[in-house]
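Structure first, then comments.
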Amino acid sequence: MSNQIVKDVINFNATVLGIEQRQLGMMPEAESTITVACLAEEATEFADAIEAGDFIGQVDALIDSIYFATGALYKLGLNSDQIDACMSAVHEANMTKRKGVNAKRGDGSAADAVKPTDWVSPEERIGSILES
């Protein structure tokens with residue numbers, strides 16, 4: 001993800017919502033609740049846009065999902081460099097996956113990635129990033 005997008009979302013949270021940089025930690029319950037609701041709403045909007053054949057609506061819903069998810073990372077106390085580093089850790093772990101069929105998600109008619117037997121989760125790297 002572009003560092004500029006992350007910075008823009010942080011700017012929105014600071015300027016419009018008045019949320020200053022925090023210590024790393026869980027969001028307050030009210031923020032967690034609204035974050036879950038907003039992400040679910042965008043998933044529904046995306047599904048509705050697919051059903052309606054609304055390409056622009058699909059793009060909007062996906063970008064809004066990125067916006068809400070990035071804002072949630074900021075509300076957890078991550079700064080832009082930490083968000084970028086964590087995104088890189090997840091990306092690098094994902095790049096070790098292979099094209100295949102995940103039975104939990106379909107029949108293989110759409111491209112999907114599966115974890116090889118030696119796949120390493122990015123969580124340890126994320127923990128190291130957030131501890132430094």
### Message
Heavy-atom count check: over 12 atoms from other residues, nucleotides or ligands less than 6.0 Å from Leu39 CG?
### Response
yes
Review item, side-chain donor-acceptor pairs of residues 116-127, under 3.5 Å, at least two apart:
residue : atom : partner : partner atom : Å
Trp119  : NE1  : Ala93   : O            : 2.9
Trp119  : NE1  : Thr96   : OG1          : 3.4
Ser121  : OG   : Glu123  : N            : 3.2
Arg125  : NH1  : Glu92   : OE1          : 2.4
Arg125  : NH2  : Glu92   : OE1          : 3.4

#### Entry: Glu45 CD to Cys38 SG distance, which is reported to the nearest 0.5 Å
9.5 Å
### Query
Any donor and acceptor pair, going by atom type alone, linking the side chain of Ser132 with main-chain N or O of Ile129 inside 3.5 Å?
yes
### Task
Verify the cluster assignment for Leu62 and Phe55: are they in a single hydrophobic cluster under the rule of side-chain heavy atoms below 4.5 Å apart?
no
### Task
Would you name the heavy atoms of Val114 and Asn102 that are closest together and state the gap between them?
CG1-N, 3.9 Å
#### Entry: Test item: side-chain donor near acceptor, Gln58 and Asp54, under 3.5 Å
no
### Message
Quick check: closest heavy atoms across Leu78 and Cys86, and the distance to 0.1 Å?
### Response
CD2-SG, 4.2 Å
### Task
Measure the CD-CG distance between Glu31 and Leu17 for me, rounded to the nearest 0.5 Å.
8.5 Å
### Message
Give me the atom names and distance for the closest heavy-atom approach of Met26 to Leu76.
### Response
CA-CD2, 4.0 Å
### Query
Which value, rounded to the nearest 0.5 Å, describes the distance between Ser80 atom OG and Asp8 atom CG?
11.0 Å
### Query
Measuring from Thr35:OG1 to Met27:CE, what's the distance to the nearest 0.5 Å?
4.0 Å
### Message
Would you say that Phe46 contacts Ile50 through its side chain, given a criterion of any heavy-atom pair below 4.5 Å between the two side chains?
### Response
yes
### Message
Looking at every heavy atom in both Ile10 and Ile83, which two are closest together, and how far apart are they?
### Response
CD1-CD1, 4.3 Å
### Task
Give the other cluster members for Val101, using side-chain heavy-atom distances under 4.5 Å between Ile, Leu, Val, Met, Phe, Trp and Tyr residues; answer none if it is isolated.
none
#### Entry: Linked, directly or transitively: Val59 and Ile66 (ILVMFWY side chains, under 4.5 Å)
no
### Query
If you measure from CD on Glu41 to CZ on Phe68, what distance do you get to the nearest 0.5 Å?
6.5 Å
### Query
Can you get from Val16 to Val6 by hopping between Ile, Leu, Val, Met, Phe, Trp and Tyr side chains that sit under 4.5 Å apart?
yes
### Query
Which heavy atom in Gly77 sits nearest to a heavy atom in Gln21, and how many Å separate them?
O-NE2, 2.8 Å
### Message
Quick check: closest heavy atoms across Glu42 and Ala61, and the distance to 0.1 Å?
### Response
OE1-CA, 3.5 Å
### Message
In the structure I gave you, are the side-chain heavy atoms of Val90 and Met87 within less than 4.5 Å of one another anywhere?
### Response
no
### Task
Find out whether Tyr74 and Ile19 are in side-chain contact, i.e. whether some heavy atom of one side chain is under 4.5 Å from a heavy atom of the other.
yes
